Amino acid sequence: MNTAPRSPEKNIFVIGLDEGNEEVLRRIPGAEWYRFHPLLSVEELQHGEIRIIELMEKAQAVLDAFDGTIDAIVSYWDFPSSTMVAMLCEKYGLPGVSLEAVLKCEHKYWSRLEQSKVIDEVPAFGIVDLDDEFPRPPEGVDYPMWLKPVKSFSSELAFHVTDEAEFEKAVAEIREGVGRVGDPFDLVLGKVRLPAEVADVGGAACLAEGELSGVQAATEGFVHNGHVTVYGALDSINYDGSPCFERHQYPSQLPDDTVRRMNEISTRVMEQIGYDNGTFSIEFFCHPESGQVCLLEINPRHSQSHAELFEYVDGTPNHQIMLRLGLGGDPGERRRRGNYQIAGKWYYRRFEDAFVTRVPTRAEIATLRSEIPGVKIELVAEEGIRLSELPEQDSYSYELAHLFVAARTEREMKAKYRRCVEALRFEFEEG
């Protein structure tokens, strides 16, 4: 009989703890010794106006009133959660990434400036002056290009433009909506010393970037005590003829040389940024034939969208790394000990607006999961609302459901997904 003393439970506060991710967290080995405490809701953090000062005050009130040890503060969400984790960890003396390093990732223009110091694999980029009566593309950035706020999430207000008319339309929409995230982001930027070129543009600005081509992929990794570890590469595959994601899949099916180059660039830029004691994910465009890659953007957090994919293939979700770092530990190496060889998160979308009159029932989804092993389905669309009323959608489509599908081969995974889509009954009214 083992009589060794057991470690006391660890109190882990999760900013934006939601039901789906809590289920994943509770499946992590050793989770019985973790007590997960919600700190603010997803709705408070991401929907409507982002009141960063009120959110910080509310979070601190919860933490100060807690009758117990605060052992870790973590999150897997983008701004404002990522910056709040940095500020709260500093305030309560917990392991975490510095706010400055997080902002060097979050601010797309600042991030490009830092990347350009150590790599050549970046597109042409520059700031569009939204205060100008007649804004123009920055020097050196030609059509086609992408316009996006220097801070946004879920591809919100990101536009692909090919001529002057599209440029003017996109700028007008960005000018109208950039403040929702940009204004609170400005408040956080005020807490660190900014380079002059970043201070001049602020947090509610518009970035123009030359169009990148190729296939999309991503790396996930972490930094512990200054050492960068890339533990996985994933593919990001779009719908045909669309900039919208169809699926993410793990592990990447790209050539080893391409994956190796992504890993090298990931290490170099995270060292340049001074990122430490946190997870990250970096998105790329790749040309598998030549092995050439180009960095798209850096996220100062791992992707909660990929948690089940790592769990299916590696045996444990990437959330495990976040928890170990949050508690001050070394995440160590990961091995593929899952039940499947490949897994994908599929985005089942509709590309025209409509009123939702029916969504699949829980019973229908349960039946489908029992018939097809290695499948999890999360509904996004809701009965009784218009698709355009759904929050956090990109500029070109509406998500109906997320499907997590695991299999032995990519071909088998695709077949499972098609079976699911054929069985899922959504109904709409046009107009």
Side-chain angles (χ1 to χ4, degrees), residues 7 10-18 20-37 39 71-78 81-82 84-86 88-89 94-98 101-102 105 217-234 248-252 259 262-263 266-267 269-271 273-283 298-338 340 343 345 404 406:
S7 301
K10 300 293 185 181
N11 293 302
I12 298 172
F13 286 82
V14 185
I15 297 180
L17 182 63
D18 58 314
N21 280 291
E22 184 173 5
E23 291 177 3
V24 176
L25 287 168
R26 293 192 183 284
R27 293 197 298 268
I28 290 174
E32 65 271 18
W33 299 110
Y34 299 151
R35 292 182 61 197
F36 298 109
H37 304 273
L39 194 59
D71 298 297
I73 301 172
V74 298
S75 186
Y76 34 74
W77 297 112
D78 204 337
S81 302
S82 54
M84 291 181 66
V85 168
L88 290 171
C89 284
L94 298 169
V97 187
S98 72
V102 170
C105 301
T219 58
E220 286 215 7
F222 65 89
V223 189
H224 177 66
N225 289 343
H227 178 72
V228 181
T229 298
V230 180
Y231 59 80
L234 308 94
H248 303 295
Q249 63 183 25
Y250 174 70
S252 172
V259 173
M262 289 194 296
N263 292 351
S266 299
T267 299
V269 296
M270 298 316 285
E271 288 176 344
I273 285 169
Y275 199 87
D276 200 5
N277 296 315
T279 61
F280 64 83
S281 62
I282 304 180
E283 300 170 42
I298 304 171
N299 301 297
R301 43 127 186 102
H302 69 290
S303 175
Q304 57 89 22
S305 292
H306 300 159
E308 283 91 343
L309 310 190
F310 284 100
E311 185 176 17
Y312 279 133
V313 177
D314 292 349
T316 57
N318 52 2
H319 287 346
Q320 183 184 45
I321 298 170
M322 171 190 72
L323 294 181
R324 288 184 174 175
L325 287 170
L327 292 167
D330 184 347
E333 295 183 12
R334 290 177 65 85
R335 297 180 176 85
R336 292 182 182 167
R337 295 175 174 172
Y340 298 92
K345 179 180 181 180
F404 300 87

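In this text the structure is predicted, and so the values were computed from the model without any measurement.
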**Q.** Whether over 12 other heavy atoms sit under 6.0 Å from Glu32 CD
**A.** yes
For residues 324-332, tabulate all N or O donor-acceptor pairs below 3.5 Å that involve a side-chain atom, not counting sequence neighbours.
{"residue": "Arg324", "atom": "NH1", "partner": "Pro331", "partner atom": "O", "Å": "2.8"}
{"residue": "Asp330", "atom": "OD1", "partner": "Gly332", "partner atom": "N", "Å": "3.0"}

**Q.** Test item: Asn277 side-chain N/O and His224 main-chain N/O as donor-acceptor pair under 3.5 Å
**A.** no
Q. Hey, is the main chain of Ser303 close enough, under 3.5 Å, to the side chain of Asn318 for a donor-acceptor pair?
A. yes
Q) What are the two closest non-hydrogen atoms of Cys89 and Pro95, and how far apart are they? A) SG-O, 3.5 Å
Q: Can you sort out the partners of Thr219 under side chain to side chain donor-acceptor pair (under 3.5 Å), two or more places apart, ordered by chain and number?
A: Ser266
Q) Among all residues two or more places apart in sequence or in another chain, which pass the ring pair (Phe, Tyr, Trp, His ring centres under 6.0 Å) test with Tyr312? A) Tyr340
Q) Leu25 and Leu17: side chain to side chain contact (heavy atoms under 4.5 Å, CB included), yes or no, with the steps? A) CA-CA 10 Å; Leu25 287 168; Leu17 182 63; 3.8 Å; yes
Q: To the nearest 0.5 angstrom, please state how far the CG atom of Asp314 sits from the CZ atom of Arg336.
A: 6.5 Å
**Q.** Sequence-distant partners of His319, ring pair (Phe, Tyr, Trp, His ring centres under 6.0 Å), two or more places apart
**A.** Tyr76, His302
Q | side chain to side chain contact (heavy atoms under 4.5 Å, CB included) evaluation trace for Phe280 with Val223 | A | CA-CA 8 Å; Phe280 64 83; Val223 189; 4.0 Å; yes
Q: Measure the NE2-OG1 distance between His227 and Thr267 for me, rounded to the nearest 0.5 Å.
A: 8.0 Å
Q: Search all heavy atoms of Ser305 against all heavy atoms of Lys345 and return the closest pair with its distance.
A: OG-NZ, 3.1 Å
**Q.** Non-neighbouring partners of Tyr275 that pass ring pair (Phe, Tyr, Trp, His ring centres under 6.0 Å), sequence neighbours left out
**A.** none
Q) Can you tell me how far the OG1 atom of Thr316 sits from the CZ atom of Arg27, to the nearest 0.5 Å? A) 11.5 Å
(Q) Could you tell me if the side chain of Thr229 sits less than 4.5 Å from the side chain of Ile321, heavy atoms only? (A) no
Q.
Ignoring hydrogens, what is the shortest heavy-atom contact between Ala101 and Gly274? Give both atom names and the distance.
A. CB-O, 3.9 Å
Q: Using side-chain hydrogen bond (donor to acceptor under 3.5 Å, both in side chains) as the criterion, point out the one residue from Asp78, Asp18, Asn21 that pairs with Gln304.
A: Asn21
Q) If you measure from CG on Leu234 to CG on Leu309, what distance do you get to the nearest 0.5 Å? A) 6.5 Å
Q | Reported CE-to-SG distance for the pair Met270 and Cys105, which is rounded to 0.5 angstrom | A | 4.5 Å
Q: Test side chain to side chain contact (heavy atoms under 4.5 Å, CB included) on Val230 and Ile282 and set out the steps.
A: CA-CA 10 Å; Val230 180; Ile282 304 180; over 6 Å; no
Q | Residues forming a side chain to side chain donor-acceptor pair (under 3.5 Å) with Arg26, sequence neighbours excluded | A | Glu22
**Q.** Heavy-atom side-chain contact between Val85 and Val102 under 4.5 Å
**A.** no
Q) Do Asp71 and Tyr34 have a side chain donor and acceptor closer than 3.5 Å? A) no
Q: Look up atom CD1 in Ile73 and atom CG in Leu94, then write down how far apart they are to the nearest 0.5 Å.
A: 5.0 Å
Q) Going through the distances and angles, do Glu220 and Phe310 end up as a side chain to side chain contact (heavy atoms under 4.5 Å, CB included)? A) CA-CA 11 Å; Glu220 286 215 7; Phe310 284 100; 3.8 Å; yes
Q) Is Glu308 close to Pro317 at the side-chain level, that is, under 4.5 Å between some pair of heavy atoms? A) no
